[in-house]
Structures are given as structure tokens and as C-alpha cells.
**Q** 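Here it is: the structure, laid out below.
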Amino acid sequence: MRQHKVMLGDKVLYQAAQLSHAERFAAARRAEGIPCHVVPDTTPKPIREQQINPLTGQPRRRGRVR
């Protein structure tokens, strides 16, 4: 699972799997006057294996392009 971090100096304030959640948390802390920043997780996403439909034995179709 990806771990995006909100940092205050060297201290981790918050970790989130979704970058948008970390950005919203950091924006809220900045509104409170806490100077923090987001460090996105740069590890590559794992490649998912193709899923097979058990009823037909055919690969599942993906509706959107990745």
C-alpha cells in the first residue's frame, strides 16, 4: 500500500494511502498555522495480473484505459 506522508520538519504528522487525503490534511494544518508539507510516495505501482472471469474463462474487460 502506498504511504504519502505529511511532514513537519523530520516528524511525520500523518500518513495516507491516497495523495489527495494527505494534501487535504496538510492544507488544514497550514490553515491552523502549522507549516507542514506533503511528501508523495514515489514507489512504482505494482502491476496487477489479468483477472479471469470464472464463468467464461475469459479475461475480464477493463472499462477505462490505464
**Q** Write down the atom of C36, the atom of A26, and the distance for their closest heavy-atom approach.
**A** SG-O, 3.7 Å
**Q** Show me, pair by pair, the donor-acceptor contacts under 3.5 angstrom made by side chains of residues 13-23, not counting sequence neighbours?
**A**
| unit_1 | atom_1 | unit_2 | atom_2 | d |
| --- | --- | --- | --- | --- |
| Q18 | OE1 | H21 | NE2 | 3.0 |

**Q** For R24, check side chain to side chain contact (heavy atoms under 4.5 Å, CB included) against everything at least two apart and list the hits.
**A** none
**Q** Output the rest of the hydrophobic cluster of M7: all Ile, Leu, Val, Met, Phe, Trp and Tyr residues reachable through side-chain heavy-atom contacts under 4.5 Å, sorted by chain and number.
**A** V12, V39
**Q** If the condition is side chain to side chain contact (heavy atoms under 4.5 Å, CB included), which residues does N53 pass it with, not counting sequence neighbours?
**A** L55, T56, R60
**Q** Kindly write out the residues that satisfy salt bridge (charged side-chain N to carboxylate O under 4.0 Å, His left out) with E49, not counting sequence neighbours, or none if the list is empty.
**A** none
**Q** Any ring-ring contact (aromatic ring centres under 6.0 Å, His included) pairs touching residues 28-52, not counting sequence neighbours?
**A** none
**Q** Atom NZ of K5 and atom NZ of K11: how far apart are they, to the nearest 0.5 Å?
**A** 15.5 Å
**Q** Quick check: closest heavy atoms across D41 and H4, and the distance to 0.1 Å?
**A** N-ND1, 2.9 Å
